[in-house]
Amino acid sequence: MIRFEHIHKSFGKQEVLKDIELHIPAGGLTALLGPNGSGKTTLVKSLLGLVIPQQGHIYFEGKPIAGKWDYRRHIGYLPQIARFPENLRVHELIRMIQDIRSEQGRPDELIALFELNPFLNARLRNLSGGTRQKVNLLLTLMFDTPLIVLDEPTVGLDPVALVQLKNLISQEKERGKTLLLCSHIMSVVEELADDVIFLLEGRIHFHGSLQSLLQEQGETRLEHAIARVLKPDFHLQRMES
Amino acid sequence: MTRILTYSCYDLLRSRWSYAYFLFYLITTLALLYFSSDLSKAIISLMNIVLILSPLIGTMLGAMYSYNSREFVELLLAQPIRRRDIFLGQYLGLAGSLSLSFALGMGIPFLIYGVQVSAEVWNFATLLFSGVMLTFIFSGLAFWIAMKQEDKTRGFGTAILLWLFLAIVYDGIFLLALILFEAWPLEKFALAASLFNPIDLSRILIMLKLDISALLGYTGAVFQQFAGSTRGMFICVLSLLAWAALPVAGFLYSCKRKDF
């Protein structure tokens, strides 16, 4: 479904992505892991065409995306930091996005799920962080897109909303969608991911199934397996302490 | 693109700026017409206001709008829309709504005073055209600067300096050059130099149309001598159109390679 070929991206002198080669097949949830500043967001943004790589090609459903825009109809993208036109009301924003995509989607279902009804008439600048994130999720998930890209979807969510989001993600997975998830919350990844990509300093250090990562590192917990990828002597440190 | 244009227009027409701008022109024009009760004199007085104010408002609101709509742009960029359409739509929305405020604010009083049946109708139309062109040119320049400059304060500063340069400093340097190089024939230089300033171009255009040689100034006189009134005006209009296209081409080109 998605293929990255020799992607290089640097911002000024800072090299963010170094020769990324990646193929993500259709179906299932792939988690994109890595420490802060490892290039997860840049990678995802380059798929959306928000960031333009200096070298390499990206293919979505077999077609190169460079200079294209219509393929974004098939992607639901949740940005990491929810930035909205602050003067709009929530329902106006929903209408606007529906209008721009010329699709209705299913806002009512998600409004009910995230209990957004009391906020529909509020201006976006007056919303709390968690509510903004719910609006953000609503805008991403209300359209029926074959690919869903979620960049830190859990930020600011209360436990109830978190459970609902996890249920929603598993539902989408069952419906045969492809999901790409960036997250630092390992429990969420462990629960939902089929495949794991581990990015470090702009390079892919691991790409395979969640099981194989755990087996390879001889760990039962993802957190520990990741720590071992980062620091091979992690096991020893743990023994000593 | 039309959707973005509609949203930008809608958003801007709700803002206080559009009303303030409209009311300013309405009141000024009414006052000038009331006191002079001479359409031709009012046009000349308004010309001086339009030549300074339209570029200033275009620059300021152009920069302000493009920096304030960053969030909106980021949201839109993830949607199935062409990049070009987002920025072009926003630009046309802004320049269009400003031009509308200007045209209505200045137009309504003139219509009340019966400009449409007077001999001044084409002079008025020229003034209207110049104001609209200046709005488009300077808001386009501000958009271009905002696209190139990430930092809001610097972007604003650059835009305002550009306005200051073209509205005031340019003429000063021009005059200084004429005085310093008095002994040389500078007609060609003066002609070329006025083509590089849209405000000068608009001034010459209106002057040529009004046919007031006393107010033409050096460049205007040279222009008239060189090209004659009709051909001079033709050149002015063409150059103004080229000026309006330049920043649009500039910001559309740089938006293609920008990272968000």
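Worth knowing before you read on, the calculation uses all heavy atoms, side chains too, and leaves out hydrogens, waters and symmetry mates. In what follows, chains are A, B, ... by sequence order, proteins preceding strands, each numbered from 1.
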Would a distance-only check, ignoring hydrogens and angles, find a side-chain to backbone donor-acceptor pair under 3.5 Å from A:R83 to B:V73?
no
Structural part of A:I81 lying under 4.5 Å from a heavy atom of chain B
neither
Note: B:A78 and A:L48 closest approach over all heavy atoms is O-CD1, 4.1 Å
Might you confirm whether atom NE2 of A:H57 has over 12 heavy atoms from other residues, nucleotides or ligands at distances under 6.0 Å?
no
Can you confirm whether more than 12 heavy atoms, excluding those of A:E21, are under 6.0 Å from its CD atom?
yes
Taking atom CZ of B:R154 as the centre, does the number of heavy atoms from other residues, nucleotides or ligands within less than 6.0 Å exceed 12?
no
What part of B:R3 gets closer than 4.5 Å to chain A, counting heavy atoms only: side chain, backbone, both or neither?
side chain
In short, B:K256 meets A:I52 closest at the heavy-atom pair O-CD1, 2.9 Å
Do A:K45 and B:D259 sit within salt-bridge range, that is, some charged N less than 4.0 Å from a carboxylate O?
no
Which bit of A:F11 comes within less than 4.5 Å of chain B, counting heavy atoms only: side chain, backbone, both or neither?
side chain
Show your reasoning for whether side chain to side chain contact (heavy atoms under 4.5 Å, CB included) applies to A:M96 and B:F72.
CA-CA 11 Å; A:M96 190 183 83; B:F72 185 41; 3.1 Å; yes
Could you please spell out the steps behind the side chain to side chain contact (heavy atoms under 4.5 Å, CB included) verdict for B:F260 and A:V51?
CA-CA 6 Å; B:F260 289 88; A:V51 165; over 6 Å; no
Counting heavy atoms not belonging to B:W17, are there more than 12 under 6.0 Å from its CH2?
no
So, the part of A:Q54 with a heavy atom under 4.5 Å from chain B: the answer is neither
Does CD belonging to A:E61 count more than 12 external heavy atoms closer than 6.0 Å?
yes
Quickly, which of A:N136, A:I97, A:I100 forms a side chain to side chain contact (heavy atoms under 4.5 Å, CB included) with B:L75? Name it, please.
A:I97
Does either side chain, that of B:Q79 or that of A:R101, offer a donor lying less than 3.5 Å from an acceptor on the other one?
yes
So what's closer than 4.5 Å to chain B heavy atoms on A:K68: side chain, backbone, both or neither?
neither
Would the number of heavy atoms belonging to other residues, nucleotides or ligands and lying under 6.0 Å from CZ of A:R175 be above 12?
yes
Using only atom types and a distance under 3.5 Å, with no angle test, would you say the side chain of B:R82 pairs donor to acceptor with the backbone of A:G67?
no
Where does A:Y77 contact chain B at under 4.5 Å (heavy atoms): side chain, backbone, both or neither?
side chain
